[in-house]
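To start, the structure under review is shown below, and the notes come after it.
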Amino acid sequence: METENPSNFSYMGRNFSDLSIGDSSSAFSDCNSDRSGEFQTASSQSRRLLIACASDNSDDLIRQLVGVLESGSIEEQKQAAMEIRLLAKNKSENRLKIAEYGAIRPLISLLSSSDLQLQEYGVTAILNLSLCDENKELIASSGAIKPLARALKTGNPTTKENAACALLRLSQIEENKVAIGRSGALPLLVNLLENGGIRGKKDASTALYSLCSVRENKIRAVQAGIMKPLVELMADFSSNMVDKSAYVLSVLVSVPEARTALVEEGGIPVLVEIVEVGSQRQKEISVAILLQLCENNAVHRNMVAREGAIPPLVALSQSGTNRARQKAETLTELLRQPRSGNVAAPPARA
């Protein structure tokens, strides 16, 4: 498996030193736990109180709930999955106990349920259990990846969002990234990025960013049509997705297929506009992407120059962060080269 370091930005344990940004991870969804509703029913308050009281000594309750998951009616399974989800939401000790008492496999079976509410509760419980590092390998090895991918297609909006977050958590184990890519999840994540609500878009972009550190997943994402929604979201400053989309793009452009798709989808004028009017973070990552696009490619350099990139690049080289200034200066030098033939580009500055 080939994993590439995306130009040294920093998110989820990877270093992004190519950008001098204080907290690049803030661009993404944290996916720290489910953000579903609290399943309000007439008895939900008393149920939550019971769970809270039992959480310090919850072994018997967990065993009982696992038994219900395995053999209860649909309504009983819903209640058990809801309670397991609540037990696992904020207490790491409970996440370990729930896995230890055998809840993961019966929860995975719920992910393929035709009952959309039961499916949602199962996905949400798996998400909360996946927050524990010790559970990630067990969840994946128990067969959760393909059902989570299918839930991205068949689930309600909340199910899709939580499935994306669960796949993100599982992708933090490097060997799971290829398995997730081969499960068919990437086209469905691209669809969520394009058609989901704001939380769905944010969760999808976070999962795609993590998964596309693997070369074959970059290709799959491009083939699934990721470039169109990325460019559209970057072009819409009101979308609250400019940074997120640019970060995903930054990990994709290392492969030629992504660079070709970016140009075909009209990405160059969008990136030049961001360099001109975006925030400091947006300018910095956009100039880094443009630099990758233009290195060793005179055609792309001509296109970028024709979009009027040199004046905003000169301005950035005088007023941006140290890293942004260096990238802007290097790109400006490239654009001022003779505009014919693929002249070798000078190396980018570290």
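Just the heavy atoms: all of them, side chains too, but no hydrogens, waters or symmetry mates, feed the values below.
- No continuous path of hydrophobic side-chain contacts links L116 to L148 [ILVMFWY only; heavy atoms under 4.5 Å].
- At distances below 3.5 Å, not a single donor-acceptor pair connects side-chain atoms of N135 with backbone N or O atoms of S130.
- In this structure, L69 and A81 approach most closely via the heavy-atom pair CD2-N, 3.9 Å.
- Between K228 and E232, at least one side-chain nitrogen of the basic residue sits less than 4.0 Å from a carboxylate oxygen of the acidic one, meeting the salt-bridge criterion.
- E75 has a carboxylate O that lies under 4.0 Å from a charged side-chain N of K78, or vice versa, which qualifies the two as a salt bridge.
- Around the CD atom of E100, the shell of radius 6.0 Å holds more than 12 heavy atoms that belong to other residues, nucleotides or ligands.
- For the pair S210 (side chain) and A207 (backbone), a donor-acceptor distance under 3.5 Å is absent.
- In this structure, I74 places its CD1 atom where only 12 or fewer heavy-atom neighbours from other residues, nucleotides or ligands lie under 6.0 Å away.
- Side chains of N162 and E120: a donor-acceptor N/O pair is absent below 3.5 angstrom, by distance only.
- Checked by atom type, the side-chain pair D203/T206 shows no donor-acceptor distance below 3.5 Å.
- Not one N or O on the side chain of R301 forms a donor-acceptor pair closer than 3.5 Å with the backbone of L335.
- D115 and S113 share no donor-acceptor pair across their side chains, judged by distance under 3.5 Å alone.
- A single hydrophobic cluster is not seen to contain both L61 and V68; linkage of ILVMFWY side chains at heavy-atom distances under 4.5 Å, directly or through other members, places them apart.
- The backbone N or O of S73 lies less than 3.5 Å from a partner atom in the side chain of E76, making a donor-acceptor pair.
- Looking only at distances, a side-chain donor or acceptor of S141 sits under 3.5 Å from a matching main-chain atom of L138.
- Distance alone, capped at 3.5 Å, is enough to place a donor-acceptor pair between the N217 side chain and the K177 backbone.
- A donor atom on one side chain and an acceptor atom on the other are found under 3.5 Å apart for Q79 and E83.
- S245 places no side-chain N or O within 3.5 Å of a backbone atom of V242 that could act as its donor or acceptor partner.
- When atom types are taken as modelled, the side chain of N128 and the backbone of R95 share no donor-acceptor pair closer than 3.5 angstrom.
- Looking at Q280 and T321, their side chains never bring a donor and an acceptor atom within 3.5 Å of each other.
- Atom CZ of residue R150 and atom OG of residue S183 lie 9.5 Å apart, to the nearest 0.5 angstrom.
- When hydrophobic clusters are built by joining Ile, Leu, Val, Met, Phe, Trp and Tyr residues whose side-chain heavy atoms come closer than 4.5 Å, directly or via intermediates, L96 is not grouped with I84.
- Checked for salt-bridge contact, R220 and E216 meet the test: a charged N lies under 4.0 Å from a carboxylate O.
- At a threshold of 4.5 Å between side-chain heavy atoms, the hydrophobic network of Ile, Leu, Val, Met, Phe, Trp and Tyr places L127 and I173 in two separate groups.
- Among N156, T154, T159, the single residue meeting the side chain to side chain donor-acceptor pair (under 3.5 Å) criterion with Q119 is T154.
- In this structure, K218 contributes its side chain and V255 its backbone to no donor-acceptor pair below 3.5 Å.
- The main-chain N or O of S109 is never found under 3.5 Å from a side-chain atom of S112 such that the two would form a donor-acceptor pair.
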